[in-house]
Amino acid sequence: MQDFLMLRDHSPQQIAGLLELSHTIKQRPGQWSSALQGKSIALLFEKPSLRTRASFAAGINRLGGHSIFLDGAEVMGKREPVSDVGSNLALWHEAIVARVFAQNTLTELAKASDKPVINALSDQCHPCQAMADLLTLQECLGDLGKVHLTWIGDGNNVCQSLMAGTALTGMHFQVVTPEGYAPDAALLAEAQAFAKASGGSVTLEHRLSQLQATDAVYTDTWLSMGQQRDADQLLRDFAPYQVNSALMSRLKARYFMHCLPAYRGREVSAEVVDGPQSLILQQAENRMHAQNAILVTLLNGVEA
Ligand code: CP
Ligand code: NVA
């Protein structure tokens, strides 16, 4: 494994290995406290973050490494080309964790850097989030091959990483979005091909009436970072897709998931996101364990 830019770049065996290692590191953190000793990681962010930034910083610290934070707006773009940022950061750091707008920025960083680059969210995908979510579902439901997950909302970055992640692990994933907010057609087709090989399934639907019963329902904000959308239009398009108690009951869903930040009363009702079915804190906690497994694998060549 050289970089961690998109889940589709990795085999089902690599994804399964990362999940196994995430469990091990979570259960026995002491064994990994020197894994990144003497190593430095650059955290380069073009967009705001709470969970990703804080969980990478804390996780790297727990592995005995050191991280520095760089504001992407300050160092990239007008000031100097992305390729110079990548080649320079690689001189002093063992890895670059980057949150960016364009997926292409990650590709350019990876090309210029001879050290691993990890995607901490782009407009296209959020693979670290998806790994934490798969870990959470394994903890709650066991064998992923038997798990049915439903996405309700905008089919962008988090949804697109979950499409690949669920397909590579043999899960059943139904995606429901309003018309005009579907995931990228090529990424959907690719996930469907992965699912065919793994025994899972990935489906896309716009009609809520067609939804099947599910183990867990996942939603995300209707307005992602950096998006310019008309607020009234957004409400008109998404309002019927709010996840609330009535929808959770109709789908017989045991769990609710959200990557956060969540907007109560918009994509999810407060009673659901703050209720007993909600996995939001377990997902957020697992960000660190999943990311530590990725770091250890990329930097030390450790596999589960
Ligand atoms: N879920 C997630 O990536 O949260 P942040 O945007 O706060 O990092
Ligand atoms: N879709 C959201 C995810 C935040 C973690 C966004 O891109 O803002």
Side-chain angles (χ1 to χ4, degrees), residues 4-7 22 41-60 67 69-73 96-106 118-137 149 151-165 173 175-178 180-184 187 216-229 231 234 237-238 241-243 256-264 266-268 273 278-292 294-295:
F4 195 75
L5 303 185
M6 292 178 79
L7 295 186
S22 309
I41 319 288
L43 307 180
L44 174 64
F45 279 50
E46 288 186 326
K47 299 181 183 184
S49 169
L50 168 67
R51 278 148 293 276
T52 309
R53 178 178 172 179
S55 60
F56 264 109
I60 290 163
S67 62
F69 181 79
L70 295 150
D71 182 346
I96 303 168
V97 172
R99 169 167 285 198
V100 299
F101 290 93
Q103 185 72 18
N104 194 40
T105 304
L106 291 167
I118 298 173
N119 182 354
L121 179 145
S122 66
D123 288 345
Q124 185 172 302
C125 53
H126 197 0
C128 293
Q129 178 71 52
M131 291 305 293
D133 298 335
L134 296 178
L135 181 64
T136 305
L137 286 166
L149 177 67
W151 178 274
I152 301 178
D154 194 2
N156 69 342
N157 47 11
V158 175
C159 175
Q160 291 179 161
S161 278
L162 284 170
M163 285 189 329
F173 189 41
V175 176
V176 189
T177 73
Y181 300 90
D184 177 81
L187 293 179
V217 172
Y218 200 127
T219 191
D220 185 12
T221 178
W222 295 338
L223 190 65
S224 285
M225 291 179 276
Q227 282 180 332
Q228 308 287 335
R229 282 175 172 170
L234 202 72
D237 293 342
F238 277 98
Y241 294 80
Q242 185 193 70
V243 179
F256 170 76
M257 303 178 80
H258 195 307
C259 54
L260 304 180
Y263 299 90
R264 289 161 177 82
R266 291 274 173 120
E267 74 271 12
V268 60
V273 71
S278 177
L279 296 178
I280 54 171
L281 293 182
Q282 193 173 334
Q283 291 174 262
E285 189 202 328
N286 281 338
R287 292 294 307 275
M288 184 177 78
H289 306 299
Q291 289 157 192
N292 280 0
I294 294 164
L295 285 164

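Here the structure is a predicted model, which is why all the values come from computation and not from measurement. When a ligand or atom number is given, it counts from 1 through the structure's own listing order. Only this structure's heavy atoms are used, side chains among them; waters, hydrogens and symmetry mates stay out.
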Notebook entry, point to check: So is Leu260 in contact with ligand 2, going by heavy-atom distances below 4.0 Å?
Noted result: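 The answer is yes, since Leu260 has a heavy atom less than 4.0 Å from ligand 2.
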Checklist line | Closest protein heavy atom (residue, atom, distance) for atom 3 (C) of ligand 2 | finding: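 For atom 3 (C) of ligand 2, the nearest protein heavy atom comes out as Asp220 OD2, 3.6 Å.
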Margin query: Among all the protein's non-hydrogen atoms, which is closest to atom 7 (O) of ligand 2, and how far away is it?
Written below: Asn157 ND2, 2.8 Å
Checklist line | Under 3.5 Å side-chain donor-acceptor pair for Gln283 and Thr136 | finding: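 Absent: no donor and acceptor within the cut-off.
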Check: Okay, side chain of Asn119, backbone of Met6: is any donor-acceptor separation there less than 3.5 Å?
Finding: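 Side chain of Asn119 to backbone of Met6: no pair is present.
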Next item on the list: Pull out every atom of ligand 1 sitting under 4.0 Å from any heavy atom of His126, numbered as shown with elements.
Entry: 2 (C), 3 (O)
Next item on the list: Could you tell me the separation between the CG atom of Leu281 and the CG atom of Asn286, rounded to the nearest 0.5 Å?
Entry: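 Here the rounded value is 11.0 Å.
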Item checked: ligand 2 N/O within reach of Pro261 N/O, cut-off under 3.5 Å -> no
Check: With a 4.5 Å limit on heavy-atom distance, are the side chains of Phe256 and Val243 in contact?
Finding: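 In contact.
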Next item on the list: Pick one of side chain, backbone, both or neither for how Leu121 approaches ligand 2, counting any non-hydrogen atom pair under 4.0 Å.
Entry: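 The answer is the side chain of Leu121.
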Next item on the list: Considering heavy atoms of the protein only, find what lies nearest to atom 6 (O) of ligand 1 and give residue, atom and distance to 0.1 Å.
Entry: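 Answer, as residue, atom name and distance: Arg99 NH1, 2.8 Å.
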Check: Can you name the one residue among Lys47, Gln160, Gln103 that meets side chain to side chain donor-acceptor pair (under 3.5 Å) with Asp123?
Finding: Lys47
Checklist line | Salt bridge flag under 4.0 Å for residues Arg229 and Asp237 | finding: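 No.
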Next item on the list: Flag Pro261 as yes when one of its N or O atoms lies below 3.5 Å from any N or O atom of ligand 1, and as no otherwise.
Entry: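 No; every N/O pair is 3.5 Å or more apart.
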Notebook entry, point to check: Among all protein non-hydrogen atoms, which one is nearest to atom 8 (O) of ligand 2, and what is the separation to 0.1 Å?
Noted result: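 Closest protein heavy atom to atom 8 (O) of ligand 2: Met225 N, 2.8 Å.
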Note to self: Need the ligand 1 atom indices (1-based, order shown) with element for anything under 4.0 Å from a heavy-atom of Leu260.
What the structure shows: 1 (N), 2 (C), 4 (O)
Notebook entry, point to check: Out of curiosity, is Lys47 lining ligand 1, as in a heavy atom under 4.0 Å away?
Noted result: no
Notebook entry, point to check: With no hydrogens and no angle check, is any side-chain donor or acceptor of Gln227 less than 3.5 Å from a backbone partner on Ser224?
Noted result: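 Indeed, once roles are kept as given, a pair shorter than 3.5 Å links the two residues.
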Notebook entry, point to check: Any N/O of Cys259 closer than 3.5 Å to an N/O of ligand 1?
Noted result: yes
Item checked: Shortest protein contact, atom 2 (C) of ligand 1 (heavy atom only) -> Arg287 NH1, 3.3 Å
Item checked: Residue and atom name of the nearest protein heavy atom (relative to atom 4 (O) of ligand 1), distance in Å to one decimal ->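 Protein heavy atom with the smallest distance to atom 4 (O) of ligand 1: Arg51 NE, 2.9 Å.
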Notebook entry, point to check: Tell me, which protein residue and heavy-atom name are nearest atom 7 (O) of ligand 1, and how many Å apart are they?
Noted result: Leu50 N, 2.7 Å
Check: Is the backbone N or O of Cys125 less than 3.5 Å from a side-chain atom of Ser161, with the two atoms forming a donor-acceptor pair by type?
Finding: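 Judged by distance alone, no pair lies under 3.5 Å.
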Check: Hey, is the main chain of Pro48 close enough, under 3.5 Å, to the side chain of Arg99 for a donor-acceptor pair?
Finding: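 Answer holds: yes.
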Item checked: Side chain Gln124, main chain Asn157, donor-acceptor under 3.5 Å -> no
Next item on the list: Assess Leu121 for proximity to ligand 1: is some non-hydrogen atom of it under 4.0 Å away?
Entry: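 It does not; every heavy atom stays at 4.0 Å or beyond.
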Margin query: Tell me whether the NZ or CZ atom of Arg53 lies within the 45° cone about the ring axis of Phe45 and under 6.0 Å from its centre.
Written below: no
Next item on the list: Please indicate whether any nitrogen or oxygen in Arg99 is less than 3.5 Å from any nitrogen or oxygen in ligand 2.
Entry: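 No.
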